[in-house]
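So the structure is just underneath, and the comments pick up after that.
Owing to the predicted nature of the structure, the values given are computational and were not obtained by experimental measurement. Within every chain, numbering begins at 1; the chains are lettered A, B, ... in the order of the sequence lines, protein sequences first and strands thereafter.
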Protein chains: 2
Amino acid sequence: MTNDARRGRREGAISLAALRCFAAAVEGGSVSRAAEILGLSQPTVSVTLTGLERACGTLLLHRRPRLALTDAGQDLLARARLVLGRMDELEETMRQSRDLRRGSIAIGLSTPAHAMPCIAALMAAHPELRVRTRLGNTNGLLEALSACEVEVAIMTLTKPVEGMSCTLLVTQRLIACVPASAPRAGISLEDLAAGPLVLREPGSMTRAMMEAAFAAHGLSGRIALEVGSREAAREAVAAGIGISVVLDGEAWQDQRLRAVPILGEPIEGGVYAVALPESLDLPAVRVFVGLSADAANRAAT
Amino acid sequence: MTNDARRGRREGAISLAALRCFAAAVEGGSVSRAAEILGLSQPTVSVTLTGLERACGTLLLHRRPRLALTDAGQDLLARARLVLGRMDELEETMRQSRDLRRGSIAIGLSTPAHAMPCIAALMAAHPELRVRTRLGNTNGLLEALSACEVEVAIMTLTKPVEGMSCTLLVTQRLIACVPASAPRAGISLEDLAAGPLVLREPGSMTRAMMEAAFAAHGLSGRIALEVGSREAAREAVAAGIGISVVLDGEAWQDQRLRAVPILGEPIEGGVYAVALPESLDLPAVRVFVGLSADAANRAAT
DNA sequence: GCAATCTATAGCATAATTCTATGGAGGTGA
DNA sequence: TCACCTCCATAGAATTATGCTATAGATTGC
């Protein structure tokens, strides 16, 4: 497009400011009063009204003997009030969204035990915010984040993910989970590798952490049973199928099981609040991450 | 108000342009497409959307992996479409007003015989325009114009009125109106002054013209009967009460009456289209005055 | 008639808008 | 894999819009 074509565009598009001046002039009964109402100077309103009349191609207000609507002005007034009313509603809606008095947030979680206190804090602080959750393993949640299916996720990571905003909440170590009948106080990496092992599917962070630990020590852990959820792993251990591993904070309150430390160098991972960087511009996400960090700190002390 | 207070006003009022960009971006599925739709450059739309998000205090559109509405964006879209829809209606209404496809005009008239062809021309050219008329004498119509009770008036004047837009349509002379039985071919001013005269009320232009003519010749016309309308004058003359005067173009088609010239220097007045100067900014008035001049010219040839 | 009030114009400063040019990120085909 | 294409974001510059102060003309009221 050339500069000339730009200059030649129709002059006098009707602006919201002009409609506000017009409505205020009618309401106040004079241009001066309208300026007062709007917090503008009288000449500003005067010029704006003149411009509005030129844009409309017709006189809208008789100034003499007193302010009086013309026929077109009457038409315009009704419609201007509709536009301005809708606009006010729109701005109020956005204000509510910003203050989390409306709207919703989708939260992904791989470790409900860590995530739920955060979610509880969010819901307590903003009762009118609708919260949806989605359970998944770390890899699945990262995909859901990329696809914008969830706005933020509480998940386990060994280190922050490139291209994502990752806020560390707590650091946790892996522990072994054995049947309550097994009389041991600790278990070595070699014993774990010897199995029988009950582990989660690929994509799970506990699985990845175990395999990395085995590889670092030249071991190759053979997996007796691969399960798709923590619940299945728990039942498998309770049934005596093998030994499983979980994060410290995820230890089950189950009479049939016992948590025992893994001997040697601790296998550590972090629980993170993860989001797309741009998603931090969502007030709900920003607030949720903040509250999550608070909740983690409170739990740590 | 100080300059600082002005500078400090809340930044980021939501503009119509921003809403248009937003709606177009959603509709087009990309920022570039939105720019195309709106006839703007891509960066313009990009920064406008960023500004809208800052004004709303929240992210509205996920840009990756493809354009997707956030929760607040969904809310905003529905309301933005309402605002823009109302705005479109408003602009269409103003367009119709400008083109006289809607609206109304109030026309005053003191001489229906001259005004009706003008009104007929207006109604033929703009069938959707509602026309209201109001009959009155010259003085009454001038007051109605000042009070904005009529937008324009067709009336008789001896000369243009100060502070009013006066467009001369035709020049007419006064003629006498006598019973058909009276066998005269003309009548002198002295004979008229001798009466018996039937004249209109003060405020009527024919009355003022007659009195001015009498005064100019040192005569004092005695009024036998004062009437409030042309119809009353006609019946009075037919009943033999006296002689009346009318403008040339107002001569009655009545078997009982005869129009005869007034001898001597002609007593002339003009038929004018009169309006407040500002009322010429009303398309209906401007068009009506133009059509009236045309109609007068056509009648003259 | 004169003061008071209201509207309109002129001139100027600041803010907003919009462009072109350019950089960087994500996906596609040889 | 690398080049290429598309898309979005940023930077800088020019133009337009907005809003103010100061002031003049008009109208109303005592």
request  = Would you classify B:S32 as touching base, sugar-phosphate or nothing, given that sugar-phosphate means primed atoms plus P, OP1 and OP2, and contacts are heavy atoms under 4.0 Å?
outcome  = sugar-phosphate
request  = Could you check whether B:S30 gets within reach of a base, just the sugar-phosphate, or nothing at all, counting any heavy atom under 4.0 Å?
outcome  = sugar-phosphate
inquiry  = Could you check whether A:R79 and B:T93, counting side-chain N and O atoms only, form a donor-acceptor pair closer than 3.5 Å?
reply    = yes
inquiry  = Quiz question: by atom type and distance under 3.5 Å, do the side chains of B:S32 and B:S30 form a donor-acceptor pair?
reply    = no
Find the distance [X]:[atom1] to [N]:[atom2] and express it as a whole number of Å.
X: A:Q42; N: C:dT9; atom1: CD; atom2: P; result: 11 Å
X: A:L49; N: C:dT7; atom1: CG; atom2: C1'; result: 11 Å
X: B:I14; N: C:dA16; atom1: CD1; atom2: P; result: 15 Å
X: A:H62; N: C:dA8; atom1: NE2; atom2: P; result: 13 Å
X: A:R54; N: C:dA8; atom1: CZ; atom2: P; result: 13 Å
X: A:E278; N: C:dA25; atom1: CD; atom2: P; result: 14 Å
X: B:L276; N: C:dT7; atom1: CG; atom2: P; result: 17 Å
X: A:L16; N: D:dG19; atom1: CG; atom2: P; result: 12 Å

Consider the side chain of [X], meaning its heavy atoms from C-beta on, and name the nucleotide among [options] that approaches it most closely.
X: A:S41; options: D:dC20, C:dT7, C:dT17; value: D:dC20
X: B:L40; options: C:dA10, C:dT18, D:dA11; value: C:dT18
X: A:P43; options: C:dT17, C:dA8, C:dA21; value: C:dA8
X: B:T44; options: C:dC19, C:dT7, D:dA9; value: C:dC19
X: B:R63; options: C:dT20, D:dA9, C:dT7; value: D:dA9
X: A:S46; options: D:dC8, C:dT7, C:dA10; value: C:dT7

Just the atom pairs and distances: protein N or O near nucleotides 24-30 of chain D's N or O, under 3.5 Å.
residue, atom, partner, partner atom, Å
D:dT27, OP1, A:R64, NH1, 3.2

request  = Enter the distance from B:R63:CZ to A:L276:CG here, rounded to the nearest 0.5 Å.
outcome  = 12.5 Å
Below 4.5 Å, heavy atoms only, C-beta onward: do [X] and [Y] meet side chain to side chain?
X: B:R132; Y: B:I105; value: no
X: A:L157; Y: A:C166; value: yes
X: A:L142; Y: A:L145; value: yes

ask   = Please, which pairs that meet salt bridge (charged side-chain N to carboxylate O under 4.0 Å, His left out) have at least one residue in residues 19-36 of chain A, sequence neighbours excluded?
value = none
